[in-house]
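Positions are given from 1 along the sequence. All figures in this text were calculated on a predicted structure; none of them were measured in a lab. Every heavy atom of this structure was used, including side-chain atoms; hydrogens, water molecules and symmetry mates were not.
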Amino acid sequence: FGEEMLTSNLQAVVTGTGVQGRSVCYAFHRSGNWTVRALTRDPNGPVARKLVQDGIQVAKADFEKKDELAQAFEGAYAVRCPYIILHVAI
């Protein structure tokens, strides 16, 4: 892990525009101690735009695109995953 990560105050929040993810974003943001980056597949959507308006970073990240995830996690101290629902065919 790089030195930047060890000194970063950035929290990357997976599903940051979802109901739970948005709550996590605002909780960290309102603490005043953290920079927050919400990960979303649609950074131009209304929820993402509201987060940006409120001072929260938004990054495009699709779980099927490794490069987007790596870029979205760049410099983060922690990655918060409020929940991930996996659909598995049995």
Side-chain angles (χ1 to χ4, degrees):
F1 297 96
E3 184 68 27
E4 177 184 305
M5 186 194 82
L6 297 175
T7 60
S8 173
N9 72 340
L10 176 64
Q11 301 288 319
V13 182
V14 175
T15 67
T17 56
V19 174
Q20 289 182 334
R22 193 170 42 226
S23 294
V24 171
C25 287
Y26 280 112
F28 277 105
H29 180 67
R30 289 181 180 137
S31 78
N33 298 317
W34 303 99
T35 300
V36 180
R37 179 179 299 149
L39 280 61
T40 181
R41 288 177 291 174
D42 183 9
N44 297 312
V47 174
R49 289 194 312 265
K50 173 72 169 124
L51 290 169
V52 170
Q53 182 181 8
D54 291 342
I56 295 172
Q57 297 177 16
V58 172
K60 179 171 177 28
D62 185 320
F63 275 91
E64 295 184 19
K65 297 180 180 175
K66 181 173 69 172
D67 293 342
E68 285 183 5
L69 284 173
Q71 187 173 9
F73 294 153
E74 182 76 29
Y77 173 79
V79 175
R80 305 296 175 171
C81 300
Y83 66 94
I84 297 176
I85 299 173
L86 298 175
H87 298 277
V88 179
I90 297 178

Following the transitive rule for hydrophobic clusters with a side-chain heavy-atom cut-off under 4.5 Å over Ile, Leu, Val, Met, Phe, Trp and Tyr, establish whether [X] and [Y] coincide in one cluster.
{"X": "Val58", "Y": "Leu10", "answer": "no"}
{"X": "Leu39", "Y": "Val79", "answer": "yes"}
{"X": "Leu51", "Y": "Val24", "answer": "yes"}

Check whether more than 12 heavy atoms from other residues, nucleotides or ligands sit under 6.0 Å from atom CD of Gln71, and answer yes or no.
-> no
Mind listing the closest non-hydrogen atom pair of [X] and [Y] along with its distance?
{"X": "Ala48", "Y": "Thr40", "value": "CB-CG2, 4.5 Å"}
{"X": "Trp34", "Y": "Asn9", "value": "CE3-O, 3.0 Å"}
{"X": "Lys50", "Y": "Tyr26", "value": "CG-OH, 3.9 Å"}
{"X": "Tyr77", "Y": "Ser8", "value": "CB-O, 3.4 Å"}
{"X": "Ala72", "Y": "Lys60", "value": "CB-O, 4.4 Å"}
{"X": "Cys25", "Y": "Gly16", "value": "SG-O, 3.9 Å"}

Does any N or O in the side chain of Arg22 come within less than 3.5 Å of the main-chain N or O of Thr17, such that one atom is a donor and the other an acceptor?
-> yes
Measure from the side-chain N and O atoms of Asp62 to the backbone N and O of Glu64, and report whether any donor-acceptor pair falls under 3.5 Å.
-> yes
Could you tell me the separation between the OG1 atom of Thr15 and the CZ atom of Arg80, rounded to the nearest 0.5 Å?
-> 13.0 Å
dist Arg37:CZ -> Ile56:CD1 (nearest 0.5 Å) comes out at 12.5 Å
